There are 2 protein chains.
Amino acid sequence: MAKQHPASPEARSAGATIYSVADHAGVSIATVSRVLQGATVVAEATRQKVLTAVEELGYVPTGAARSLAVRHHEAHGLVLPELSGPYYAELLMGFEARAAELAQSVVLVLTNSRTDMAAAVRQLATRVDAIAVFGSAAIPADLVRLLRAKKPVVVIAGEPQDGIEAVAAENLESARELAGHVLDHGRRRALFVGDPDSGPDIRNRYDGYLAAHRDRGLDAAEPVLARLSEADGTAFAQRLLAGEHEADALMCANDELALSIMTTLQDAGRDVPGDIAIVGWDDVMTARYVRPGLTTVRQPVHELGALAADRLHELVGGEPPRTYAQMLPTRLVVRTSCGCLPVT
Amino acid sequence: MAKQHPASPEARSAGATIYSVADHAGVSIATVSRVLQGATVVAEATRQKVLTAVEELGYVPTGAARSLAVRHHEAHGLVLPELSGPYYAELLMGFEARAAELAQSVVLVLTNSRTDMAAAVRQLATRVDAIAVFGSAAIPADLVRLLRAKKPVVVIAGEPQDGIEAVAAENLESARELAGHVLDHGRRRALFVGDPDSGPDIRNRYDGYLAAHRDRGLDAAEPVLARLSEADGTAFAQRLLAGEHEADALMCANDELALSIMTTLQDAGRDVPGDIAIVGWDDVMTARYVRPGLTTVRQPVHELGALAADRLHELVGGEPPRTYAQMLPTRLVVRTSCGCLPVT
DNA sequence: CTGTTAGCGCTTTCAG
DNA sequence: CTGAAAGCGCTAACAG
């Protein structure tokens with residue numbers, strides 16, 4: 001008879017352990033472990049006995065014990081600022097899906113809901129093998145670096161940093177293309193709405209806007225600072241209506257901004273794109289529902305999330321971190337808010 | 001001098017453990033544990049020594065070891081079907097935020113990306129103290145029940161089941177109110193679009209639609225079956241345009257359906273709400289951007305997520321499960337797609 | 001093919 | 001206020 005687990009004299013169903021299962025099946029814990037991990041070969045009869053015991057006791061293994069023994073958590077951490085809008089949700093879905101394929105759990109941390117994010121991230125590091133942080137999650141760079149010394153880290157759409165692997169969607173060239181498209185409709189007073197200093201993503205979009213002007217020997221205006229929110233969009237639209245700005249085209253840092261601006265302008269009687277062309281970035285669902293349809297850029301967000309999970313896994317596996325940021329291509333989605341004619 | 005940890009003769013920074021920290025600080029591991037948990041009182045000098053050692057070694061505790069020792073994971077599991085659309089994202093945000101307040105990590109499982117969700121859920125049970133499952137996550141009821149025998153479970157917006165705690169948003173009364181509102185605009189051929197059998201949520205909305213008719217001595221039509229997707233909405237709109245259905249009002253099971261139907265109809269020249277009134281459910285962002293604005297119902301999704309996390313925590317704390325489902329109130333959002341005049 | 005036996009790294013009495 | 005020691009439940013050699 002197998003040795004009785006010293007700490008659980010009676011095998012209460014509520015706290016079935018590998019010991020109670022072994023007892024119940026009349027085998028050793030090693031055997032139980034074997035059939036549950038399916039690694040080594042076990043006699044079919046034995047195997048059945050164990051499975052039956054597991055079933056009868058409703059045994060649920062304690063993950064922590066396994067993690068301790070195998071010396072890794074089999075889990076990836078993901079740090080995102082929040083989840084409003086389709087962007088982060090899509091990213092998360094991509095991440096989760098790939099993590100699932102790799103048999104990794106995902107533990108999620110949303111920094112906007114935290115008062116002490118440093119603590120949250122430290123705590124996270126405690127229970128995962130590797131961590132992906134979204135660039136604008138605004139985690140202190142030194143925290144990231146500290147972490148990096150302990151666990152693999154990849155930054156998604158963030159500032160490239162020494163020794164920290166990065167993945168991102170392409171911004172500059174598509175922004176250049178988008179801005180060029182608008183300019184080629186004959187618009188000459190295009191404004192960029194958004195804050196280039198809020199992160200590399202927006203910075204690159206603005207740079208693309210600049211480049212498109214430069215390509216055509218045109219002068220580009222200073223960016224109109226705005227955060228990526230409906231509120232800031234509405235506020236800007238109001239100022240535009242009040243005559244504080246003059247423009248025949250607006251290149252907005254993202255769709256939310258573009259959409260709120262467009263609606264506010266339309267409600268005030270302005271014609272889009274007649275009076276003013278408007279383009280955004282992200283291709284959110286609303287973009288194809290508004291009239292005119294919003295011309296924008298679609299990012300491979302899902303793939304970006306998957307890529308992050310992938311890299312995490314490889315890094316955990318011992319692969320050396322890549323020194324260059326991996327860029328995923330984006331795609332221009334032309335509808336009619338840019339001045340193109342409807343295709344009916 | 002503190003005892004040397006048998007298994008780690010040298011304290012490599014990469015694998016700092018509580019032993020290396022203790023060594024480095026010249027104290028026992030018990031003391032290190034104490035200052036890190038902040039429970040018992042430790043002499044300030046000792047405390048500092050330990051903190052310094054932690055800092056110098058870049059010590060990151062192993063969560064699994066703690067979990068094993070304290071006998072719980074300090075983590076909540078959340079099972080959702082997916083994350084597209086604002087509904088689940090919002091739910092998740094509410095859940096995460098409250099879990100964070102309760103110092104619980106959240107590990108997420110998305111069932112739509114899984115081939116073997118039973119395995120996924122089992123695996124999840126392995127690393128969390130309690131699990132919240134979204135009703136339509138389509139987890140076999142017996143799986144839920146099995147789980148429930150081992151770990152606290154709460155079902156969000158799902159079928160009420162014996163002994164399993166449930167939380168949900170109110171549907172029936174607000175559906176009745178919404179349908180009544182439409183009928184009171186004089187519409188007499190209102191159709192319900194959605195599948196009442198797809199879950200209690202939709203079922204209750206349909207029941208509310210029925211009740212509103214009954215209240216007025218009107219006959220209600222059979223529901224038009226459709227899944228909650230843009231594709232199904234478009235398809236239905238097409239059939240409507242082809243004359244397969246006749247209606248002067250549409251009560252859609254959710255906003256995505258309503259929106260796609262509305263747009264398709266409008267693109268074909270139909271006037272909304274002139275020819276046909278349309279209302280949805282959820283109040284997604286797009287609902288306030290389309291013209292006419294979509295009349296819909298706003299659910300307290302964030303709160304629902306928070307509530308689930310709350311209940312999980314209490315259940316883990318030993319509180320007995322509530323026998324009745326907790327309902328959160330919803331709110332009718334009247335815009336103009338229902339036939340109301342714009343308020344300008 | 002199966003059982004024994006060390007740990008995995010941390011918490012927590014129990015002494016002192 | 002601090003240290004010693006006994007586990008927490010599981011995996012993985014190592015024998016047999």
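Each chain gets a letter, A, B and so on, in the order the sequences are listed, and its residues count up from 1. Values in this document were obtained by computation on a predicted structure and should not be read as measured data.
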Separation of dT11(D) atom C1' from Arg34(A) atom CZ, nearest Å, is 10 Å

Which is it for Gln104(A) and Arg98(A) under the side chain to side chain donor-acceptor pair (under 3.5 Å) test, yes or no, and what are the steps along the way?
-> CA-CA 9 Å; Gln104(A) 304 298 306; Arg98(A) 178 57 51 69; over 6 Å; no

By nearest-heavy-atom nucleotide on DNA chain C, the more 5' of Leu68(B) and Ala45(A) is Ala45(A)

Between CG of Asp23(A) and P of dC10(D) the distance, given in whole Å, is 13 Å

Could you check whether Arg114(A) pairs with Glu101(B) (Lys NZ or Arg NE/NH1/NH2 to Asp/Glu carboxylate O, under 4.0 Å)?
no

Whole-Å distance, Glu74(B) CD to dC10(C) P, equals 14 Å

Need one value for Ser33(B): base, sugar-phosphate or nothing, where a base atom within 4.0 Å counts as base even if backbone is also close, heavy atoms only. base

Testing dC10(C), dT2(D), dC10(D) for proximity to the side chain of Thr17(A), the answer is dC10(D)

Check: Under the 3.5 Å rule, do the base of dG7(D) and the side chain of Arg71(B) count as making a donor-acceptor pair?
Finding: no

Smallest heavy-atom separation, Thr62(B) atom then His73(A) atom, equals CG2-CE1, 4.0 Å

Q. After noting the C-alpha distance and the side-chain angles of Glu74(B) and Ser67(B), does the key distance pass the side chain to side chain donor-acceptor pair (under 3.5 Å) rule?
A. CA-CA 7 Å; Glu74(B) 303 175 299; Ser67(B) 292; 5.0 Å; no

Ranking dC14(D), dG9(D), dT2(D) by distance to the side chain of Ala43(B), first place goes to dT2(D)

Between CD of Gln37(A) and P of dA13(D) the distance, given in whole Å, is 13 Å

In whole angstroms, the gap separating C1' of dA6(D) from CD1 of Ile18(B) amounts to 15 Å

Heavy-atom closest pair (Lys151(B) atom, Val60(A) atom, distance to 0.1 Å) is CE-CG1, 4.4 Å

Side-chain atoms of Thr31(A) come closest, of dT11(C), dT2(C), dT11(D), to dT2(C)

Among dG9(C), dA5(D), dC10(D), the one nearest any side-chain atom of Thr62(B) is dG9(C)

Of Val42(B) and Arg66(A), the one whose nearest nucleotide on DNA chain D sits closer to the 5' end is Val42(B)

Rounded to whole Å, the CD1-C1' distance (Ile29(A) to dG3(C)) equals 9 Å

Rounded to whole Å, OH of Tyr59(B) lies from P of dG9(C) at a distance of 10 Å

Between CZ of Arg127(B) and P of dC10(D) the distance, given in whole Å, is 14 Å

Of dG9(C), dG9(D), dG3(D), the nucleotide closest to the side chain of Ala69(A) is dG9(D)

